[in-house]
Amino acid sequence: MSLDDVLIRSDDPHHPANLICTLCKQFFHNNWCTGTGGGISIKDSETNRYYLAPSGVQKEQMTPDDLFVMDAQTLEYLRAPELYRPSACTPLFLACYQKKDAGAIIHTHSQNAVMCSLIFGDEFRIANIEQIKALPSGEVDPVTGKPIALSFFDTLKIPIIENMAHEDELIDDLHKTFAEYPDTCAVIVRRHGIFVWGPTIDKVKIFNEAIDYLMELAIKMYKMGIPPDCGIGEEKKHLVRGTDA
Ligand SMILES: CSC[C@@H](O)[C@@H](O)C(=O)COP(=O)(O)O
Ligand SMILES: [Zn+2]
């Protein structure tokens, strides 16, 4: 096998080159990555390489041959398919790798993220919902060294930044949210979608699914007049009568 092949060929379904393609197919069917929008980048921790999708392609139709591979140390491309440019989101993915020590990043154009960005101001908030427990609090257990999840009684807060004409123009606001929300694992981009990151692709997939569930629920609560971050038992006094049949 040539070096080019070695970078992307594996029988292991969990190899980053295979996983990016499999997950993008799944995300297409969730309406998260359609019409070329959205994408995934995964770091291979063993080889210290970033796997990146090409730009402007139907993400659900990608094969490992279409992927870019970058050396995480030198940031040089080890593999760059001639036909393509790397994803426009590459600078944002690199920021998550470098500043958040991410192992993978998922970007979707989820309509739930877009709707929440229209409903909320600078911050998406939802509280006291069981699914919140799938998300990290940012704290680490001093004894086990493992990350501590949010509690049922916590409020999930995700910053919302304004969209720009080009992805790379989001970089300053992304860095600002890293400073202002050191514990967040996601940023919503208004009228655009969401970026979610975490230590491994398995974790990021869980975070993205949990956040999307919570955004969908928040939209339903909002429609019923219930503030998504209202306290337990407070919902009844907000409920818009006659719309809950
Ligand atoms: C439908 S265009 C979407 C892009 O502008 C971008 O936001 C995006 O999500 C994917 O960019 P890409 O360069 O194709 O990886
Ligand atoms: Zn996008």
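Whatever order the structure lists them in is the order used to number ligands and atoms, beginning at 1.
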> Checking His15 now: which residues fulfil ring pair (Phe, Tyr, Trp, His ring centres under 6.0 Å) with it, not counting sequence neighbours?
Tyr51
> List, for ligand 1, each N/O atom that has a protein N/O partner under 3.5 Å away, with both atom names and the distance.
| residue | atom | partner | partner atom | Å |
| --- | --- | --- | --- | --- |
| ligand 1 | 5 (O) | Glu167 | OE2 | 3.1 |
| ligand 1 | 7 (O) | His109 | NE2 | 3.4 |
| ligand 1 | 7 (O) | Glu167 | OE2 | 2.4 |
| ligand 1 | 7 (O) | His192 | NE2 | 3.0 |
| ligand 1 | 9 (O) | Gly38 | N | 2.8 |
| ligand 1 | 9 (O) | His107 | NE2 | 3.1 |
| ligand 1 | 9 (O) | His109 | NE2 | 2.9 |
| ligand 1 | 13 (O) | Ser55 | OG | 2.5 |
| ligand 1 | 13 (O) | Ala88 | N | 2.8 |
| ligand 1 | 14 (O) | Gly56 | N | 2.7 |
| ligand 1 | 14 (O) | Lys59 | NZ | 2.8 |
| ligand 1 | 15 (O) | Lys59 | NZ | 3.2 |
| ligand 1 | 15 (O) | Ser87 | OG | 2.7 |

> I'd like to know if the side chain of Arg49 and the backbone of Asp44 have a donor-acceptor N/O pair within less than 3.5 Å.
no
> Looking at Ile126, Thr108, Leu135, which one forms a side chain to side chain contact (heavy atoms under 4.5 Å, CB included) with Ile211?
Leu135
> Under a 4.0 Å N-O cut-off, is there an ion pair linking Asp66 with Arg79?
no
> How far does CG of Leu23 sit from CE of Met62, to the nearest 0.5 angstrom?
9.5 Å
> Side-chain contact, heavy-atom cut-off 4.5 Å: Phe93 with Trp197?
no
> Got a second to check how far Lys133's NZ is from Asp154's CG, nearest 0.5 Å?
11.0 Å
> CD/Gln131 to CG/Leu156 distance, rounded to the nearest 0.5 angstrom?
11.0 Å
> Close to the Zn ion (ligand 2), meaning under 2.8 Å, how many protein N, O or S atoms are there?
3
> With sequence neighbours excluded, what pairs up with Lys176 under the salt bridge (charged side-chain N to carboxylate O under 4.0 Å, His left out) test?
Asp173
